[in-house]
Structure formats: structure tokens, C-alpha cells
Amino acid sequence: MGSNQSSEKLYCNRFLDGNGPPSLVQQANAEVNGIYKVLSGTQPPGQMTWVILHRDLPGHPIDNTLQINYIFPGGIQTDKHPHPGQPYAGLRLCAYLPDSRDGRRVLKLLDKAFNTELLFSVVTNNEGQDVVTTASIPLKTQAEGGIKVDGYPDPDYLKNVRKILKDKGIE
């Protein structure tokens, strides 16, 4: 680099002046349209565990059942909830997946969504009480009974929940 060359013409000077490409962190967080995506939800503190039940779900006759247990004790709302400083009621909930390759894949995605606080939220119910409830990701809370009661059989559930999770950045 000779001293007679203009700094505007030097390729490397654009990077030194901050006019280069985005940083690796910016690239990793960027969506296709260039808007930065931050994964965080409004889920209160809770616990997610799972066990294998040695029985099948309707529509999955050769697979055992994964029972996912969610436990949220009652607590005090934070700034990310509807009424900060006020109490909310806890929740105990079981959800079900077939113990298959696709079911295990969805279990991992649900675990990731739980850890990024996207599965549950605190809301005010019809009686005016603040409670923990599921957010916008559907869970199968009944082993049987069909789609009308959030149960099985539901041949499209695993595919649909994977798409919803993907749309929320969970892959």
C-alpha cells in the first residue's frame, strides 16, 4: 500500500471504517429479510421432564408413548407478564408424543422451545385470574379422543407442530 493511494480506494479500509459485511454474530442472528431475530418468550419458571409409557397412542400402534410433564409453581408476575408484581396460579400438564423417530425429533424441538420460554405464558383467564397456560404451540394433552380434545389419533400433528416451531425459529 503506497502512500499515494487514497484510503477510499483501498478495499481493506472499508472494513476498518465499519463499512464491511456484517459480523458473524449479526449474520448468525439475521433472518432472510435482514431483521434480527431474538428468541425469548414470556414463560414463567417451570420444569419439563418426560418418561416412556409402555403403551401405544391411537394412530401409532407400534410405538410406545412419550409422556411429557410440565410443572409450573405459582409465583409473582414479572415485567413480561400482564400484571407485574401480582400473583399467578401454577400449572401441572402432561403432553403426549409417539416414541418414534419423528416423535423424538418433536420432543427435542419442544425442549428447545421450553428452554427459550416459548411454550407457556401467563394470561388472564375468563374468571379474571392470572394463570399459566400454553402459548401458541399446540400440545397433545390427551392420549386419546382425537383432534377435538387435543388427543390422538391426529395423523398430521407431528408435521404441523414441527412447522409451527420452525416458524418461531425452533429447528
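Heavy-atom basis, side chains included; hydrogens, waters and symmetry copies ignored.
- Inter-residue side-chain proximity for H83 and T124 is flagged as met; some heavy-atom pair is nearer than 4.5 Å.
- Residue pairs satisfying the salt bridge (Lys or Arg N to Asp or Glu O under 4.0 Å) criterion with at least one member in residues 127-148, sequence neighbours excluded, are listed as follows: K140-D154.
- In this structure, the separation between CG on N64 and CG on L53 is 8.0 Å, given to the nearest 0.5 Å.
- Taken to the nearest 0.5 Å, the CD1 atom of I68 stands 11.5 Å off from the OG1 atom of T141.
- For I62, the side-chain contact (heavy atoms from CB on, under 4.5 Å) test picks out no residue, with sequence neighbours left out.
- In this structure, CG in L109 is found 12.0 Å from CD1 in I164, a value given to the nearest 0.5 Å.
- Remark: T134 engages no residue in a side chain to side chain donor-acceptor pair (under 3.5 Å) (not counting sequence neighbours).
- For the residue pair P58 and A143, the shortest heavy atom distance occurs at CD-O, 3.3 Å.
- Counted by atom type alone, K168 and T116 present zero donor-acceptor pairs between their side chains at under 3.5 Å.
- Taking the side chain as every heavy atom from C-beta outward, Q86 and I76 never approach each other to under 4.5 Å.
- Residue N125 places its CG atom among more than 12 non-hydrogen atoms of other residues, nucleotides or ligands, all under 6.0 Å distant.
- Looking at L139 and F120, their side chains come closer than 4.5 Å, going by heavy atoms from C-beta outward.
- Taking 4.5 Å as the limit, some side-chain heavy atom of K163 sits within range of a side-chain heavy atom of D167.
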Side-chain atoms of residues 91-101: list all donor-acceptor pairs with protein atoms under 3.5 Å, sequence neighbours left out, distances to 0.1 Å.
| from | atom 1 | to | atom 2 | distance (Å) |
| --- | --- | --- | --- | --- |
| D99 | OD1 | R104 | NE | 2.6 |
| D99 | OD1 | R104 | NH2 | 3.0 |
| D99 | OD2 | R104 | NH2 | 3.3 |
| S100 | OG | G103 | N | 3.1 |

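- When hydrophobic clusters are built by joining Ile, Leu, Val, Met, Phe, Trp and Tyr residues whose side-chain heavy atoms come closer than 4.5 Å, directly or via intermediates, I52 is grouped together with L57.
- Between M48 and D111, some side-chain heavy-atom pair lies under the 4.5 Å cut-off.
- In this structure, CG on D156 lies 7.0 Å from CD1 on I147, to the nearest 0.5 angstrom.
- Of the inter-residue distances, the one linking E117 atom CD with K80 atom NZ reads 3.5 Å to the nearest 0.5 angstrom.
- The aromatic rings of Y152 and Y157 sit perpendicular to each other, their planes meeting at more than 60°, with 30° as the lower class boundary.
- Judged by distance alone, with hydrogens and angles left aside, the side-chain atoms of Q43 form a donor-acceptor pair with the main-chain N or O of L119 at under 3.5 Å.
- Across all non-hydrogen atoms, the minimal contact from V161 to P138 is CG2-O, 3.7 Å.
- Nearest heavy-atom pair, P44 versus V132, reported as atom, atom and distance to 0.1 Å: CG-CG2, 3.7 Å.
- Within the 4.5 Å cutoff, the side chain of Y88 has no heavy atoms near those of the F72 side chain.
- Partners of N69 according to the side chain to side chain donor-acceptor pair (under 3.5 Å) rule, which considers only residues two or more places apart in sequence or in another chain, are Q67.
- Side-chain contact between P87 and Q77 is absent, with no heavy-atom pair separated by less than 4.5 Å.
- Taken together through direct or relayed side-chain contacts under 4.5 Å among Ile, Leu, Val, Met, Phe, Trp and Tyr, Y70 and V123 form parts of separate hydrophobic clusters.
- With rounding to the nearest 0.5 Å, the separation of CG in L110 from CG in L66 is 10.5 Å.
- In this structure, the side chain to side chain donor-acceptor pair (under 3.5 Å) partners of T78, at least two apart in sequence or on a different chain, are H81.
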